[in-house]
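Okay, so here's the structure we're looking at.
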Amino acid sequence: MPELPEIETTRKGIAPYVVGKRVTDVIIRERRLRWPIPAGLKRSLKNKAIRKLRRRAKYLLFYTDNGCLLLHLGMSGSLRIIDNKWPPAKHDHVDIVFASGRALRFHDPRRFGSMLWTKGDPMDHKLLNQLGPEPLSDAFVADYLYARSRKRTQAIKTFIIDSRIVVGVGNIYASESLFLARINPNRKAGTISKARYGTLIVAIKDVLNRAIEKGGTTLRDFINSDGQPGYFKNELQVYGRGGEPCNNCQRPIKVARLGQRSTFYCASCQT
DNA sequence: ATGCGGACCTGTTAGC
DNA sequence: TGCTAACAGGTCCGCA
């Protein structure tokens, strides 16, 4: 489900109810996520205050005084702020209950999400320490992508979706960014000029920023922390529009399979 | 080092 | 209507 804009939307939504609040209980109904929820998680979090809530890539980091909760939403996860007394529904796997009487509820039908605990600096954690730069940061520039891509034969689409290259660009926004930059997703990463990488960088930042403004993209089941969908779906130019006319040239949008993922593009506008 | 395919899960939809 | 297959927003791991 969620790519960077959806995680950022979630972070902004839950922050006022989480930051500075004390955890009074952790209710775990299902431990079997991508990795099992650690046995000591409840003990680690209980009676601790959440000091900071940050996002790195698609991970949410809940900092306490003695460690950090690492949370990933996987493909189908979502977080909501609920009244503590609200009865759980199917796939509501975890509640983090606060002294305020509200709780943060983790819902994830496919259980590709994760909840892990780490002591020390979470950026040193195995899952975070190999990640590429944040796409909205100043470190994400044409020179960087150009240098990383030299001699690489991989398609540009699978290259920019690789979190070691840049984080936060998932399947939807990869197709959208490449359309905006007029780059064919099949093109080899190593054959693209520095100037075109400059265009691509601008496109990625633009797409992600606009998606964050609209509250993310809801295809079927993404909801924000209020239970509301995101409205960027209305702005999608190619994703999910196979066979429909390109908004630029009216020719039908093509669908290809790259790295086992559906990829949408206009063969006429993107070269 | 790079690049590819399989794996982890459940739910929805398309096709017969 | 009912069954089956394919597909879905992520990403780690193991192999060539």
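Counting non-hydrogen atoms under 4.0 angstrom, Leu127(A) reaches the backbone sugars and phosphates but no base. Note on Arg34(A): a base of the nucleic acid sits closer than 4.0 angstrom, heavy atoms only. Nucleic acid contact class of Phe232(A) (heavy atoms, under 4.0 Å, all strands): none. Lys126(A) comes within 4.0 angstrom of sugar-phosphate atoms only, judged by non-hydrogen atoms across all strands, and of no base.
Look at CG on Asp92(A): it is 16 Å from P on dT10(B), rounded to the nearest Å. Rounded to whole angstrom, the span from the OH atom of Tyr173(A) across to the C1' atom of dG10(C) amounts to 14 Å. Computed from coordinates, the Leu73(A) CG to dG10(C) P distance equals 11 Å when rounded to whole Å. Nucleotide dG9(C) holds its C1' atom 15 Å from the CD1 atom of Ile212(A), rounded to whole Å. Whole-Å rounding puts the Leu70(A) CG to dT11(C) C1' distance at 15 Å. Counting to the nearest Å, the P atom of dG6(B) and the CZ atom of Arg261(A) are 15 Å from each other. The CG-P distance, from Asp162(A) to dC13(C), rounds to 14 Å in whole Å. Atoms CG (Asp108(A)) and P (dT10(B)) sit 11 Å apart, rounded to a whole Å.
With 3.5 Å as the limit, one finds no donor-acceptor pair spanning the side chains of Ser100(A) and Lys21(A). Judged by distance alone, the side chains of Thr263(A) and Arg257(A) never bring a donor and an acceptor atom under 3.5 Å apart.
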Give me the distances for all protein-to-nucleotides 1-5 of chain B N/O pairs that come in under 3.5 Å?
| unit_1 | atom_1 | unit_2 | atom_2 | d |
| --- | --- | --- | --- | --- |
| dG3(B) | OP1 | Thr153(A) | N | 2.8 |
| dG3(B) | OP1 | Thr153(A) | OG1 | 3.2 |
| dG3(B) | OP1 | Gln154(A) | N | 3.2 |
| dG3(B) | OP2 | Arg152(A) | NE | 2.7 |
| dG3(B) | OP2 | Arg152(A) | NH2 | 2.7 |
| dG3(B) | OP2 | Gln154(A) | OE1 | 3.2 |

Can you pull every protein N or O that's under 3.5 Å from an N or O on nucleotides 11-15 of chain B?
| unit_1 | atom_1 | unit_2 | atom_2 | d |
| --- | --- | --- | --- | --- |
| dG11(B) | OP1 | Lys90(A) | NZ | 3.2 |
| dG11(B) | OP1 | His91(A) | NE2 | 2.5 |

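The closest donor-acceptor contact from the side chain of Ser149(A) to the backbone of Tyr146(A) lies under 3.5 Å.
Checked against dG10(C), dC9(B), dC7(C), the side chain of Arg111(A) finds its nearest nucleotide in dC9(B).
Residue Asn171(A) holds its CG atom at 11.5 Å from CD of Gln260(A), rounded to the nearest 0.5 Å.
Between Tyr59(A) and the phosphate of dT11(C), there is no side-chain N or O to OP1/OP2 separation shorter than 4.0 Å. Here His72(A) does not reach the OP1 or OP2 of dG10(C): none of its side-chain N or O atoms lies under 4.0 Å away.
Remark: the separation of the C1' atoms in dG11(B) and dC12(C) is 23 Å, to the nearest Å. Between dC7(C) and dG5(B), the two P atoms lie 15 Å apart (nearest whole Å).
Salt bridge Glu213(A)/Arg210(A): absent, no basic N to carboxylate O contact under 4.0 Å. Look at Arg164(A) and Asp162(A) and you find a salt bridge, because one of the NZ, NE, NH1 or NH2 atoms lies within 4.0 Å of a carboxylate O, short of that distance. Salt-bridge formation is detected for the pair Asp65(A)/Arg51(A): a Lys NZ or Arg NE/NH1/NH2 atom is positioned less than 4.0 Å from an Asp or Glu carboxylate oxygen.
Remark: of the listed residues Met115(A), Arg110(A), His72(A), Met115(A) is the sole one forming a side-chain contact (heavy atoms from CB on, under 4.5 Å) with Leu33(A). The one candidate from Arg56(A), Arg54(A), Lys58(A) that meets the salt bridge (Lys or Arg N to Asp or Glu O under 4.0 Å) condition with Glu134(A) is Arg56(A).
Using a 30° and 60° split on the angle between ring planes, Phe232(A) and Tyr173(A) fall in the tilted class, from 30° to 60°. The aromatic rings of His91(A) and His107(A) sit perpendicular, their planes meeting at an angle over 60°, well past the 30° parallel limit.
In the hydrophobic clustering of this structure, Ile161(A) does not group with Leu180(A); members are Ile, Leu, Val, Met, Phe, Trp, Tyr whose side-chain heavy atoms approach within less than 4.5 Å, directly or through other members.
The strand DNA chain C forms stems, runs of 3 or more Watson-Crick or G-U wobble pairs with distances below 3.5 Å, at B:2-8 with C:10-16, B:10-16 with C:2-8.
dC8(B) has Phe112(A) stacked on its base ring, the centres lying under 5.5 angstrom apart and the planes within 30 degrees of parallel.
Looking at heavy atoms from C-beta onward, Arg241(A) lies in side-chain contact with Asn247(A) at the 4.5 angstrom threshold.
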